[in-house]
Amino acid sequence: MSTSPVRVLMLFTIMNRGGAETMVMNYFRSIDRSKLIFDFIVHREKKGDYDDEIKSLGGKIYTLPAITPGNISVYKKSIKIFFDEHTEYRIIHGHCSELGLWIYKEAHKRDIPFIAAHAHNAPVGWDVKMPFRNLLKHLMRPYLTHYFTCSVDSAKWLFGPKRAAKAIFQPNAVNASDFQYNKEKRDAVRQKEGWNNRFIIGNVARFDKQKNHLFLVEVVAQMVTKRPDLSCVLIGANGGEYEKVKQGIEELKIAEYFQFYGTRSDIPDLMQGMDILLFPSFHEGLSVTMIEAQSSGLKILTSTGVSNQVAIIPELVDFIPLEKGAEYWAEYLLKVQYTRENTLSKIQNACFDIQKNAKWLTEVYLKAVK
C-alpha cells in the first residue's frame, strides 16, 4: 500500500535566486520526493525565479500579504485562515528570520510538532530596523521546536547563545558535480561569452547593501590602469543598490570594464569562465555562492565580515578587512596566483555535496513527525 509523501512547509519572502532559496532548491531537487515534498509560503505577489521549477517538482506555492507595520492584524488573520484550510502540515521550516514570528505562534497554538527557524545570517552594524528585529527574534524563540543554522554566528544572533548550542547545522550543500572544473568547458564558456584574453572578476549576489557592491566598484577602479584586460561580471537580481552601483561606475568612467548579467540559471558554467570571485560583503553566514565557487576550483577574495566557516577549501579563500581600503584590495588582487583544479572530492569529503545531505535532512524531518 503506497503512502503519500510528507509535505514540508517552507517560509520565504519570494523564491528568487538568493542564497537561502538556492540552498533549499538544491535539497528539493535531491530529496526522495516519494517521501518528502516541499511546499512554500511566500509574501510577494510577483512570480519568483524558482516558482515554475517548484511546481514541476510537485511543490505548491501559497501567497500571503507582505509583512508591513500597518497590516499586522490583516496578516495574522490570513495566517489563521491558511491553517484552518491546510491542516496537513506537521513540519514548518522558516527562512524569514524573525519575521516568521506570527506563523510560528499560530503553528504552536495548533500543536504542530516541528516548527523550525533557520538562521542564515548575522547582521553587522545598526540600521533603523534593528530595534524591531531584536524585539521580534526574542518574541519568536518560545514558539520554536527546532533551530537550524548554517553558521555559529548566525545561530547566536537569531536564537541566543543557549539555543544556538542546540541548533542543527544544515550544510549549504550544492550539487558539486555541476560545478567541477573542466578546462574544455572553461574554454568553451570564455569563447561564448567573449571573455578570451580577458581577466574575469566575478560577483554573484543581489544588489543589496550587505553585498557591498560600491566597494567592489572602487576596487575595480583602482585596478584598471594596471590590468586594462580586466572585465568585472556582476550577476544577480536588481536590488536597492542597483542604481547606486550603476551611477558609481558612470561617475568613475569605468563602464567599459563592467558587464551586468542580471539573474542567470547557468551559474555553474559562468563560474567555469571566471578567474576570481570578488565578494566584499559586510557580513555573510555560510554563503552558497562561495561554496559553489570552491566547487568550481575558483579563487575567492572576501572580507573578514564573512564567517570563516565558508573556507571549505582554505587555500581558495582569502579574507581581507574592508578597513584596508580599495587600493589595498586592488593591489592584493593583482598579485593573486593559483592553479585551478578539480575540487569535487574535497567538497564531497567536507560533506557539502548535496546527495548525502539530502538523505540526512529527510531523516531529520521524518524522525520528528513519527
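The model shown is predicted, which means the values in this text are computed figures rather than measured ones. FYI, side chains are in, hydrogens and waters are out, and symmetry mates aren't considered; it's all heavy atoms of this structure.
With Phe38 as the partner, the side chain to side chain contact (heavy atoms under 4.5 Å, CB included) test is satisfied by one option alone out of Leu9, Ile31, Ile54: Ile31. Paired with Asp39 under the rule salt bridge (charged side-chain N to carboxylate O under 4.0 Å, His left out), one option of Arg33, Arg7, Lys60 passes, and it is Arg7.
Of the possible donor and acceptor atoms, none in the side chain of Ser307 sits under 3.5 Å from a partner among the backbone N and O of Leu286. For the pair Thr145 (side chain) and Ile115 (backbone), a donor-acceptor distance under 3.5 Å is present. A distance-only check finds no donor-acceptor pair linking the side chain of His213 to the backbone of Lys209 [under 3.5 Å].
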Cut-off 3.5 Å, no hydrogens considered: what does the side-chain donor-acceptor table look like for residues 356-370, sequence neighbours left out?
| from | atom 1 | to | atom 2 | distance (Å) |
| --- | --- | --- | --- | --- |
| Asn357 | ND2 | Cys351 | O | 2.8 |
| Asn357 | ND2 | Asp353 | O | 2.8 |
| Thr362 | OG1 | Ala358 | O | 2.9 |
| Tyr365 | OH | His93 | ND1 | 2.7 |

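One hydrophobic cluster, built from ILVMFWY side chains closer than 4.5 Å, holds both Phe114 and Val8. Hydrophobic clustering, with ILVMFWY side chains joined whenever heavy atoms are under 4.5 angstrom apart, groups Tyr242 together with Ile249.
Between Arg206 and Glu241, no side-chain nitrogen of the basic residue sits less than 4.0 Å from a carboxylate oxygen of the acidic one, so the salt-bridge criterion is not met. One finds a salt bridge joining Asp275 and Arg186 here, because a Lys/Arg side-chain nitrogen approaches an Asp/Glu carboxylate oxygen to under 4.0 Å.
With no hydrogens or angles considered, a side-chain donor-acceptor pair links Thr22 and Tyr50 at under 3.5 Å.
With Trp157 as the aromatic partner, Lys137 meets the cation-pi criteria of under 6.0 angstrom to the ring centre and within 45 degrees of the ring axis.
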